[in-house]
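Taking it in order: structure first as structure tokens, then the write-up.
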Amino acid sequence: MEGLMMNYPLTTNTILEYGNRVFHHKKIITYLPDGTRHEYTFGAMYHRCKKLANALTNKLDINKGDMVGTFAWNHGPHVELYYGVPGIGAICHTINIRLSSHQTEYIINHSEDKVIFVDATLVPLLEKIAPLLETVEHYVLINSPANFKTTLPNTLNYEDLLAEQSENFEWPLLDENDASGMCYTSGTTGLPKGALYSHRATYLHAATIISPNAANFCSQDTALLIVPQFHVMAWGFPYLCLMSGTNMVMPSSNLQPEALIKILEKEKINKANGVPSIWMGIYQAMKKNPPTEKLTLQEYLVGGSALPASLIEAFEKDFGIKGIHAWGMTETSPLGTACRLQSKHEQLSYSEKLKIRAKQGISFPGLELRVIKEDGSLAARDGKSMGELHIKGAWVISSYFKTNNQENFTDDGWFKTGDVCTIDQDGYMEITDRTKDLIKSGGEWISSVALESALMSHPKIREAAVIAVPNKKWAERPLAAIVVADNQDKPSVDNLIEFLSKDFAKYQVPTNYVFISEVPKTSVGKFDKKVLRKQFAEGKLK
Ligand code: ADP
């Protein structure tokens with residue numbers, strides 16, 4: 001028997017309509033690439049989304065199912081694209097501006113973008129590859145000054161485009177399973193692959209992560225959205241801000257620690273997100289130049305790579321700001337877990353609590369996690385048994401875009417993440433590595449993430465990345481690439497070994513150390529171990 005409830009499609013249009021109806025006075029504030037500040041309301045944004053819908057339909061010939069690319073920073077117009085494009089049934093394909101020219105060309109041709117909305121400051125990156133782009137009919141320039149010159153063909157100006165359109169637009173009735181957005185993986189593990197999101201997945205992901213167990217957003221908040229809109233839909237935050245009535249502040253290209261601190265101060269931000277390297281930079285800048293007044297920032301949500309316990313502790317002790325650890329992937333919309341303590345943890349000591357908070361956390365209703373050991377059996381939930389993390393749920397991809405290759409999926413319907421982890425008896429998941437980053441020494445697994453986290457708590461170390469190097473006797477041994485902290489001298493190898501020996505077994509402690517000026521990073525700010533392996537590991541059998 002079917003329930004007798006209305007069939008109300010969960011689409012991005014319902015989020016936009018709700019945001020306008022209930023929170024029309026809430027604000028979107030943008031710091032543009034030239035540093036100027038722009039402010040408008042959800043209500044004004046709503047009307048521009050309708051103009052955009054008219055422009056897409058009448059002027060750009062965009063139809064249901066068409067791909068519309070964005071190549072842009074975080075700002076108001078990019079939020080309009082997040083709603084206006086899927087609103088008419090087209091797909092908002094956010095293109096990562098930090099990929100190589102070759103990858104960008106591949107992604108645009110593979111997705112078959114018909115139009116690309118591009119920030120004026122990013123135009124030179126597309127000019128280089130425009131002749132190779134097979135499907136793009138128009139480029140729409142955002143934030144472009146008068147008399148802006150470009151070699152891109154068929155350009156239009158975003159503001160002119162909107163100015164000539166009516167605010168009246170009737171959203172078409174969409175199926176909640178229609179595609180709404182697309183993002184390619186950042187290619188850390190090979191050629192980028194497309195994750196095609198649906199309206200339903202986008203809605204459920206955003207509605208779930210508003211929860212106090214996750215992002216913890218409500219209508220009293222003002223959030224700084226540092227996670228780029230060109231990466232996994234800015235973790236869905238532009239959707240959850242309209243759902244929760246949270247003011248959103250967009251930094252565009254003002255991502256240097258000093259610029260972000262200024263925005264945090266000026267806009268009285270209380271919630272924010274970002275990858276660990278951003279927060280590491282902000283912490284160091286605040287340490288150097290402590291703000292005159294205590295920041296209003298209460299907590300920052302961190303994912304993308306592991307948030308070291310040492311950073312959580314330092315931020316909290318020095319500035320009273322809480323780091324909340326989360327985990328996710330492009331393929332999981334992205335948030336899969338978040339880590340907050342529960343009432344049962346209240347009696348624990350600070351260091352015991354910290355140990356839990358440095359884990360990636362518990363999953364959300366609508367998702368399931370399991371850990372599969374090397375021998376194919378299910379790992380016990382004991383916080384020790386390690387294996388590959390599998391995930392399934394309402395906002396996890398069922399396949400990559402335009403491919404029949406199902407090697408990342410199991411026959412019984414799980415997505416294989418390629419992450420290695422443990423889950424404890426309370427459901428807290430802890431990533432120990434990616435399968436390809438694991439170090440197997442003398443038959444024993446060594447976690448590079450645990451070593452990195454420990455090394456980064458050393459007062460003389462700013463960053464540490466650990467990779468496997470071939471070894472005749474042990475098959476592999478860990479090598480630690482170290483970046484020395486500002487104004488510190490190099491720690492000695494003996495000192496580092498002694499420091500790690502407090503927490504690690506002898507076979508786990510690296511004896512190989514190299515000192516580098518910076519850890520190479522991927523397009524989204526993660527340690528790029530591929531580059532390190534090329535530099536220090538390949539062909540160096542010792
Ligand atoms: P890519 O797969 O191209 O690197 P993603 O941004 O989708 O792009 O990366 C997802 C991966 O990032 C996860 O599979 C995991 O390895 C890593 N990751 C994400 N969040 C965390 C975290 N909190 N701790 C450790 N690793 C993380």
Side-chain angles (χ1 to χ4, degrees), residues 94-96 98-100 103 106-107 182-197 205 209 214-215 227-236 273-280 300-309 311-312 323-340 356-363 369 371 386 388-391 395-397 400-401 408 415-423 428-438 447-453 456 465-466 520-531:
T94 57
I95 306 161
N96 185 337
R98 298 211 178 99
L99 295 180
S100 68
Q103 286 173 317
Y106 169 80
I107 284 177
M182 178 143 91
C183 182
Y184 280 72
T185 60
S186 51
T188 320
T189 51
L191 259 189
K193 291 178 274 187
L196 183 63
Y197 307 120
H205 172 263
I209 63 172
V227 172
Q229 284 189 264
F230 56 74
H231 191 59
V232 212
M233 314 311 283
W235 295 357
N273 65 11
V275 292
S277 52
I278 288 272
W279 291 101
M280 185 74 93
Y300 57 98
L301 191 78
V302 174
S305 45
L307 171 64
L311 185 61
I312 303 181
I324 308 294
H325 202 180
W327 167 90
M329 304 180 76
T330 306
E331 292 87 338
T332 63
S333 294
L335 288 190
T337 67
C339 195
R340 289 181 185 272
I356 299 173
R357 290 175 56 199
K359 294 187 176 197
Q360 280 69 11
I362 57 173
S363 70
L369 305 179
V371 181
M386 224 166 68
E388 187 183 13
L389 177 65
H390 291 188
I391 184 167
W395 52 93
V396 179
I397 59 162
Y400 286 104
F401 182 60
N408 293 95
F415 174 71
K416 299 193 275 182
T417 64
D419 283 335
V420 180
C421 73
T422 60
I423 296 184
Y428 285 76
M429 187 270 286
E430 182 169 24
I431 302 271
T432 49
D433 251 310
R434 274 191 159 187
T435 38
K436 63 180 180 47
D437 290 339
L438 271 175
S447 162
S448 65
V449 174
L451 286 169
E452 287 161 4
S453 197
M456 286 192 274
V466 176
K521 307 266 178 10
T522 69
S523 59
V524 287
K526 302 181 194 204
F527 289 176
D528 195 343
K529 296 196 184 178
K530 254 193 321 212
V531 176

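Remember, it's 1-based here, ligands and their atoms both numbered in the order they're listed. This structure is a prediction, so every number in the text was calculated from the model and none was measured.
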List in chain and number order the residues that pass side-chain hydrogen bond (donor to acceptor under 3.5 Å, both in side chains) with Ser305, two or more places apart in sequence or in another chain; answer none if no residue qualifies.
-> none

Given [options], identify the one with the heavy atom nearest to [atom].
atom                    : options                : value
atom 27 (C) of ligand 1 : Gly304, Gly361, Cys339 : Gly304
atom 26 (N) of ligand 1 : Cys183, Ala338, Ser305 : Ser305
atom 11 (C) of ligand 1 : Lys436, Arg434, His231 : Arg434
atom 19 (C) of ligand 1 : Pro334, Gly328, Gly303 : Gly328

Is there a side chain to side chain contact (heavy atoms under 4.5 Å, CB included) between Met329 and Phe415 once you walk through the steps?
-> CA-CA 11 Å; Met329 304 180 76; Phe415 174 71; 3.8 Å; yes

Report yes if [X] has an N/O atom closer than 3.5 Å to an N/O atom of ligand 1; otherwise report no.
X      : value
Val302 : no
Lys526 : yes
Trp327 : no

Under 3.5 Å donor-acceptor, [X] side chain and [Y] backbone:
X      : Y      : result
Thr330 : Thr185 : no
His231 : Asn96  : no
Arg340 : Ala214 : yes

Evaluation steps, salt bridge (Lys or Arg N to Asp or Glu O under 4.0 Å), between Arg434 and Asp419 | CA-CA 4 Å; Arg434 274 191 159 187; Asp419 283 335; 3.7 Å; yes

For ligand 1, is Ala326 a contact, meaning one of its heavy atoms is under 4.0 Å away?
-> yes

Is the closest heavy-atom distance from Gly418 to ligand 1 below 4.0 Å?
-> no

Can you list the atoms of ligand 1 that are under 4.0 Å from a heavy atom of [X]?
X      : result
Asp419 : 13 (C), 14 (O), 15 (C), 16 (O)
His325 : 22 (C), 23 (N), 24 (N)
Gln360 : 22 (C), 23 (N), 24 (N), 25 (C)

Side chain to side chain contact (heavy atoms under 4.5 Å, CB included) partners for Thr422, two or more places apart | Met386, Glu430

Could you walk me through whether Lys526 and Val275 pass the side chain to side chain contact (heavy atoms under 4.5 Å, CB included) check?
-> CA-CA 8 Å; Lys526 302 181 194 204; Val275 292; 5.9 Å; no

Mode of Thr330 contact toward ligand 1 - side chain, backbone, both, neither (heavy atoms, under 4.0 Å) | both

Check each heavy atom of Met329 against ligand 1 and say whether those closer than 4.0 Å belong to the side chain, the backbone, both or neither.
-> both

Under 3.5 Å side-chain donor-acceptor pair for Ser448 and Lys529 | yes

